[in-house]
Amino acid sequence: MISQQTIDIVKSTAPVLKKNGQQITTRMYEIMFQNHPEIREQFDMSAQADGSQPARLATAVYSYANQIDNLPALKLMVEKIAHRHVQTHVTAEQYPIVGESLLQAMKDVLGEAATEEVMAAWTEAYQALSQVFINREQDIYVEEEKQQIVYS
């Protein structure tokens, strides 16, 4: 699913993501809300203002970079985030918006460290992870629909 080269590069970025993660995710939200103001309503803006949402996302991005070669270790995190995404009505079409914003924020914050090779690896890694979320969220929507049929 993900090339070994991408795994190696993404893992090598884990320390810099641990150090600069919240700065990257704060910048990502700025970019995303500026370019796509229509999605602001899906976010708890108080969690933006107090920095807790960027902090949570920074932790998730770091965890992914650190465990990209051990995805079962991320199962609990994926479950929690996927359920939150379903609650807030995240759609598959929104993942490219987030990805584009995240990658731009990485470039902005990391500067010269965001080499072409690093950005290509993170593009591949993000696409793979977004597909994991899209698939899991689709399953949750189906499960919820089945429950509604049973209880109605």
Side-chain angles (χ1 to χ4, degrees), residues 1-44 47-48 51-111 113-145:
M1 191 165 160
I2 301 173
S3 74
Q4 187 60 49
Q5 180 180 0
T6 291
I7 289 169
D8 294 344
I9 292 169
V10 168
K11 279 189 79 79
S12 77
T13 66
V16 78
L17 292 174
K18 188 171 188 173
K19 180 181 177 193
N20 299 299
Q22 190 159 351
Q23 187 181 356
I24 291 168
T25 55
T26 298
R27 178 71 183 127
M28 183 212 81
Y29 285 114
E30 289 170 1
I31 292 167
M32 189 168 65
F33 294 150
Q34 180 179 354
N35 295 340
H36 301 278
E38 70 279 4
I39 64 173
R40 282 180 76 103
E41 65 193 40
Q42 289 176 273
F43 289 86
D44 175 354
Q48 291 294 322
S52 61
Q53 178 65 41
R56 284 192 301 268
L57 180 58
T59 298
V61 171
Y62 166 73
S63 296
Y64 180 51
N66 200 39
Q67 296 288 334
I68 190 169
D69 57 348
N70 183 21
L71 294 183
L74 301 174
K75 186 174 173 49
L76 186 62
M77 180 184 78
V78 168
E79 278 299 303
K80 185 176 180 180
I81 294 170
H83 280 277
R84 180 67 181 150
H85 285 175
V86 168
Q87 287 175 345
T88 57
H89 310 290
V90 170
T91 65
E93 295 77 23
Q94 291 170 320
Y95 278 90
I97 293 169
V98 174
E100 178 183 295
S101 302
L102 177 62
L103 294 171
Q104 183 59 53
M106 286 177 150
K107 284 182 189 177
D108 291 355
V109 173
L110 300 179
T115 65
E116 209 171 291
E117 187 178 56
V118 165
M119 296 314 299
W122 266 103
T123 298
E124 181 183 347
Y126 177 81
Q127 289 169 344
L129 184 61
S130 67
Q131 199 56 57
V132 167
F133 278 110
I134 290 166
N135 293 343
R136 181 61 190 122
E137 290 159 19
Q138 186 58 44
D139 290 346
I140 295 167
Y141 283 121
V142 169
E143 290 165 14
E144 287 184 354
E145 193 174 297

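Along the sequence shown, the residues carry numbers beginning at 1.
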Please set out all donor-acceptor pairs under 3.5 angstrom arising from side-chain atoms of residues 92-102, sequence neighbours excluded.
| residue | atom | partner | partner atom | Å |
| --- | --- | --- | --- | --- |
| Glu93 | OE1 | Thr91 | OG1 | 3.3 |
| Gln94 | OE1 | Thr91 | N | 2.8 |
| Gln94 | NE2 | Gln42 | OE1 | 2.5 |
| Tyr95 | OH | His85 | ND1 | 2.8 |
| Tyr95 | OH | Glu137 | OE1 | 3.0 |
| Tyr95 | OH | Glu137 | OE2 | 2.6 |
| Ser101 | OG | Ile97 | O | 2.9 |

Kindly give the heavy-atom pair with the smallest separation between Thr13 and Ala65, and that separation in Å.
-> OG1-CB, 4.3 Å
In this structure, CE of Met106 is separated from OH of Tyr126 (nearest 0.5 Å) by 11.0 Å
Mind checking the CD1-CG spacing from Ile81 to Leu76? Nearest 0.5 Å is all I need.
-> 10.0 Å
Does atom CD of Glu143 have more than 12 heavy-atom neighbours from other groups under 6.0 Å away?
-> yes
Would you say the side chain of Ile24 lies within less than 4.5 Å of the side chain of Tyr62, judging by non-hydrogen atoms?
-> no
Met28 versus Ile31: any side-chain heavy-atom pair under 4.5 Å?
-> no
In Å and rounded to the nearest 0.5 Å, what is the CD1 to CD1 distance from Ile68 to Ile9?
-> 10.0 Å
Say you draw a straight line from CG of Asp44 to OG1 of Thr88; how long is it, rounded to the nearest 0.5 Å?
-> 10.5 Å
Side chains of Gln48 and Arg40: does their closest heavy-atom pair fall under 4.5 Å?
-> no
Closest approach of Val90 and Tyr141, non-hydrogen atoms and distance?
-> O-OH, 3.3 Å
Between the main-chain N or O of Gln23 and the side-chain N or O of Thr26, is there a donor-acceptor pair closer than 3.5 Å?
-> no
Within 6.0 angstrom of Glu145 CD, more than 12 heavy atoms from elsewhere = no
Sidechain-backbone polar pair: Asn20 side chain, Val16 backbone, donor-acceptor under 3.5 Å = yes
How many angstroms lie between CE in Met32 and CD in Gln104, if you round to the nearest 0.5 Å?
-> 14.0 Å
Pairs where residues 79-88 contributes a residue and the test salt bridge (charged side-chain N to carboxylate O under 4.0 Å, His left out) is met, not counting sequence neighbours | Glu79-Arg136
Glu116 atom CD, neighbour heavy-atom count above 12 within 6.0 Å | no
Least distance between heavy atoms, Ala55 atom then Thr25 atom | N-OG1, 4.5 Å
How long is the gap from OG on Ser12 to CD1 on Ile7, to the nearest 0.5 Å?
-> 12.0 Å
State which residues pass side chain to side chain donor-acceptor pair (under 3.5 Å) with Gln53; sequence neighbours excluded, sorted by chain then number.
-> Tyr29, Arg56
Salt bridge (charged side-chain N to carboxylate O under 4.0 Å, His left out) partners of residues 14-27, not counting sequence neighbours, each pair once | Arg27-Glu30, Arg27-Asp108
Thr6: side chain to side chain donor-acceptor pair (under 3.5 Å) partners, not counting sequence neighbours | Ser3, Glu124
Can you name the residues that form a side chain to side chain donor-acceptor pair (under 3.5 Å) with Lys11, not counting sequence neighbours?
-> Asp69
Smallest separation among heavy atoms of Ala82 and Phe133, with atom names = N-CE2, 3.9 Å
